[in-house]
Amino acid sequence: LGSKYVPLYKIHSYHTKVPYPIMMQFLLHYTEPGDIVFDGFSGAGMTGLATKMLSKPPQKLKHEFDNLPRSNNFQWGNRYLIQSELSPAASFISSNYMTPRDTIHLRQNLKNALGELKSLCEEHYRISLSDDAGRIRYIVWSEHVVCDSCGNNFSLWEGTVTYKIGNKVGSVSEHIKCPSCGNKIIKRSAKKYLHSYYDDIVNEVVKTVKYTPVLVNYESFTGGIKELIPDNNLQVSLIKRFGSYTKGHFPCTRIPFTHLTHERNNLRESHGFEYVHQFFQPSTLFVFKIWDDIAEQSPNKNFLKWVLTASFNRLTRMVRYMPQHKERNVGPLSKTLYVSGLFGEINPIDVIERKINGILKDIDYFSGDSVVVNSTQSTTDIDIIPNNSVDYIFTDPPFGGNIMYSDSNLLWESWLRVRGATIEEAIVNTAQKKGFDEYRDIVLLCFKQMYRILKPGRWITVEFSNTQAAIWNV
């Protein structure tokens with residue numbers, strides 16, 4: 001019952017997501033139909049999905065519950081949930097999971113939107129070679145580093161990767177070897193090569209890490225998946241086509257001072273990144289803009305924007321490419337904003353299409369009654385909820401400094417053009433000047449409010465995990 005392979009769960013990622021069948025067990029044990037439930041740290045809305053599934057359980061999942069001890073005591077049916085969440089990004093994810101929709105029209109709307117996207121963008125991802133042609137599936141880009149001996153700059157791929165076309169996997173050396181002088185460089189101490197160019201999005205000259213395309217994976221029109229290592233001429237062509245920003249592609253948001261962007265990894269110093277759009281390839285932003293324009297004209301505008309934010313984790317420069325792995329585009333490094341030295345620029349049309357196919361498979365679960373109220377606010381300030389009015393509370397508070405939620409939500413919130421109120425975030429975060437005491441004070445205020453609204457004699461379930469004794473002692 002802790003499986004992540006249940007309807008809807010994997011459609012949209014979030015930094016922590018408890019599989020909702022786990023919450024369903026608690027709801028079935030502690031509540032009955034008609035009860036009011038509260039979650040004060042609701043994140044991406046898994047308590048909401050659990051509540052929704054109690055009135056419309058998947059058949060396979062219902063069968064598993066029927067085989068549990070005391071299942072005869074379970075009362076299926078509607079509960080009513082109030083979700084409170086500080087992060088606008090998380091609240092946006094949750095609300096799109098929970099808002100009831102006309103699924104017949106939604107299905108057609110998604111298919112039409114995808115068809116329009118393909119008609120406008122598909123040509124951009126075609127590749128024509130002297131002896132072949134096809135459709136690009138992904139391009140591997142490599143950052144450039146500087147040799148500390150001869151001063152030459154070269155691609156990280158050239159200095160570390162051994163890769164033969166046709167092999168299932170390649171290999172990566174422990175050190176970087178300069179192709180000019182043979183000097184071996186320790187990876188951690190390697191200096192990135194920054195180059196200057198005019199960025200049309202911000203209307204200024206910027207200086208960021210240099211990237212070049214080193215591998216193209218494409219589906220040949222004659223059949224089969226093929227790869228090639230681009231020569232200099234093809235590299236220049238790909239950079240011109242896929243590597244230049246133009247106006248109107250993405251919100252012009254300066255990266256704020258956060259723990260993940262300036263303390264754990266100083267992206268401004270190491271990569272020259274000062275704006276959020278620099279986490280993305282220009283051609284990816286081109287597709288994003290087209291999809292966003294389609295969404296603006298849709299009766300399901302927010303849902304189509306949700307499809308886009310659900311695709312982000314496969315479409316940034318944080319998607320690590322590892323030639324030594326069979327599944328080479330292994331995705332971002334969890335709980336960080338780490339920008340990989342080798343990243344895979346995956347065709348965004350494919351990612352969006354896969355996301356839509358996943359939704360269409362489970363689309364019937366987006367229908368039904370409205371059983372959840374979503375509120376974007378701090379649980380320290382829920383005075384609008386009356387005393388002794390809630391039958392049960394399930395909540396999953398932040399784990400101290402384990403996950404930097406507001407930092408990690410930066411890309412989503414920049415696209416949504418909204419930023420969370422970090423002053424009320426319950427977290428241990430040096431960039432926010434919050435330690436154990438500040439974390440304790442905010443969490444304590446939240447639990448005082450939850451105690452106030454809970455009916456006498458009723459239950460609260462708190463899920464919490466941290467390996468630091470100091471957090472447990474607060």
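In Arg241, the CZ atom is crowded: over 12 heavy atoms of neighbouring residues, nucleotides or ligands sit closer than 6.0 Å. The environment of Ile225 atom CD1 is dense: over 12 non-hydrogen atoms of other residues, nucleotides or ligands sit within 6.0 angstrom. Within a 6.0 Å radius of CZ in Phe257, other residues, nucleotides and ligands contribute more than 12 heavy atoms. Counting non-hydrogen atoms of neighbouring residues, nucleotides and ligands closer than 6.0 angstrom, the CD atom of Glu174 reaches no more than 12 such neighbours. Residue-environment remark: CD (Glu269) stays at or below the threshold of 12 foreign heavy atoms within 6.0 Å. Atom NZ of Lys17 is surrounded by more than 12 heavy atoms from other residues, nucleotides or ligands within 6.0 Å.
Using a distance-only test at 3.5 Å, with no hydrogens or angles considered, a donor-acceptor pair links the side chain of Thr258 to the main chain of Thr261. Side chain of Ser94 to main chain of Ser91: no donor-acceptor pair is present (N/O by atom type, distance under 3.5 Å, no hydrogens or angles). Formation of a donor-acceptor pair under 3.5 Å by the Gln83 side chain with backbone atoms of Asn374 is not found in this model. Between the side chain of Thr461 and the backbone N or O of Phe394 there is no donor-acceptor pair closer than 3.5 Å. Side chain of Asn429 to backbone of Ala431: a donor-acceptor contact under 3.5 angstrom is found. Judged by distance alone, the side chain of Arg314 and the main-chain N or O of Asn329 form a donor-acceptor pair under 3.5 Å. Judged purely by atom type and a 3.5 angstrom limit, Lys305 has no side-chain atom pairing as donor or acceptor with the backbone of Trp415. Checked by atom type and distance alone, the side chain of Asn153 never pairs as donor or acceptor with a backbone atom of His144 at under 3.5 Å. No side-chain donor-acceptor contact under 3.5 Å links Lys4 to the backbone of Pro19. The closest donor-acceptor contact from the side chain of Ser84 to the backbone of Gln377 lies under 3.5 Å.
Rounding to the nearest 0.5 Å places OG of Ser375 at 10.5 Å from CG of Leu86. Rounding to the nearest 0.5 Å places CZ of Arg107 at 5.5 Å from CG of Leu360. Here CD of Glu345 is found 11.0 Å from OG1 of Thr316. Values are rounded to the nearest 0.5 Å.
Taking the six-membered ring for Trp, His124 and Phe286 have ring centres closer than 6.0 Å. Aromatic pair Trp306/Tyr97: centroids less than 6.0 angstrom apart. The aromatic ring centres of Trp291 and Phe288 sit 6.0 Å or more apart. Close placement of the Phe280 and Phe312 rings is indicated, their centers lying within 6.0 Å of each other.
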*asked:* Is there a ring pair (Phe, Tyr, Trp, His ring centres under 6.0 Å) between Tyr125 and Phe242? Walk through the geometry before answering.
replied: CA-CA 9 Å; Tyr125 287 89; Phe242 289 90; 5.6 Å; yes

- Task: Could you walk me through whether Ser149 and Cys178 pass side chain to side chain contact (heavy atoms under 4.5 Å, CB included), step by step?
- Result: CA-CA 9 Å; Ser149 178; Cys178 174; over 6 Å; no

Exercise. Let me see the working for Ile290 and Ile294 under side chain to side chain contact (heavy atoms under 4.5 Å, CB included), right down to the final yes or no.
Key: CA-CA 6 Å; Ile290 298 295; Ile294 295 170; 4.1 Å; yes

Going through the checks in order, is the salt bridge (charged side-chain N to carboxylate O under 4.0 Å, His left out) test met by Asp437 and Arg440? CA-CA 5 Å; Asp437 290 343; Arg440 177 200 60 215; 3.3 Å; yes

Is there a side chain to side chain donor-acceptor pair (under 3.5 Å) between Asn409 and Tyr14 once you walk through the steps?
CA-CA 9 Å; Asn409 290 341; Tyr14 198 62; 3.3 Å; yes

request  = Please assess Lys187 against Val172 for the test side chain to side chain contact (heavy atoms under 4.5 Å, CB included), listing each intermediate value before the final yes or no.
outcome  = CA-CA 11 Å; Lys187 288 182 180 179; Val172 180; 3.4 Å; yes

| field | Derivation of the side chain to side chain donor-acceptor pair (under 3.5 Å) call for Glu227 and Tyr163 | value | CA-CA 11 Å; Glu227 291 183 329; Tyr163 190 85; 2.5 Å; yes

Take Phe279 and Leu267 through the test side chain to side chain contact (heavy atoms under 4.5 Å, CB included) and record every step on the way to the result.
CA-CA 10 Å; Phe279 280 94; Leu267 293 175; 3.5 Å; yes

Original post:
Can Asp362 and Lys10 be said to form a salt bridge (charged side-chain N to carboxylate O under 4.0 Å, His left out), step by step?
Top reply: CA-CA 11 Å; Asp362 296 329; Lys10 294 177 74 68; over 6 Å; no

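Within the 4.5 Å cutoff, the side chain of Asn347 has heavy atoms near those of the Arg135 side chain. The shortest side-chain heavy-atom distance between His271 and Leu194 does not fall under the 4.5 Å cut-off. Annotation: side chain of Thr208 is in contact with side chain of Gln278 (closest heavy-atom distance under 4.5 Å). Looking only at side-chain heavy atoms (C-beta outward), Met53 and Leu8 come within less than 4.5 Å of each other. In this structure, Leu228 and Ile165 have side chains that are not in contact, with every pair of non-hydrogen atoms separated by 4.5 Å or more. Contact of the Ser87 side chain with the Trp412 side chain is not registered, since no non-hydrogen atoms from C-beta on lie closer than 4.5 Å. With contacts defined as side-chain heavy-atom distances shorter than 4.5 Å, the pair Ser180/Phe154 does not qualify. For the pair Tyr321/Trp157, a side-chain contact is recorded, criterion being any heavy-atom separation below 4.5 Å from C-beta on.
Remark: Lys118 engages Glu353 in a salt bridge (Lys or Arg N to Asp or Glu O under 4.0 Å) (not counting sequence neighbours).
A donor-acceptor pair shorter than 3.5 Å can be found between the side chains of Tyr275 and Glu204. For the residue pair Thr47/Ser42, the side-chain donor-acceptor check at 3.5 Å is not satisfied. Side-chain atoms of Asn96 and Asn302 include no donor-acceptor pair closer than 3.5 Å. Side-chain contact of Ser406 with Glu413: a donor-acceptor pair under 3.5 Å is absent, judged by distance alone. Side chain to side chain, His277 and Asp199 meet the donor-acceptor criterion of an N or O pair below 3.5 Å. For the residue pair Glu263 / Thr430, a side-chain donor-acceptor distance below 3.5 Å is found, with atom types taken as modelled.
Remark: Lys434 is not positioned above the aromatic ring of Tyr439, lacking an NZ or CZ atom under 6.0 angstrom from the ring centre and at most 45 degrees off the axis. A cation-pi arrangement is not found for Lys52 relative to Tyr365, the charged atom failing to lie both closer than 6.0 Å to the ring centre and inside a 45° cone about the ring normal.
The nearest pair of heavy atoms linking Val146 to Ile185 is O-CD1, 4.1 Å. The minimum heavy-atom distance between Leu110 and Leu304, with the atom names listed, is CD2-CD1, 3.9 Å. When all heavy atoms of Glu424 and Ser378 are compared, the closest pair comes out as OE1-CB, 3.5 Å. Thr212 and Lys210 make their closest contact through CG2-CE, 4.1 Å (heavy atoms, listed as atom of the first residue, atom of the second, distance).
Residue pairs meeting the ring-ring contact (aromatic ring centres under 6.0 Å, His included) criterion with at least one partner in residues 208-231, sequence neighbours excluded, are Tyr211-Phe343.
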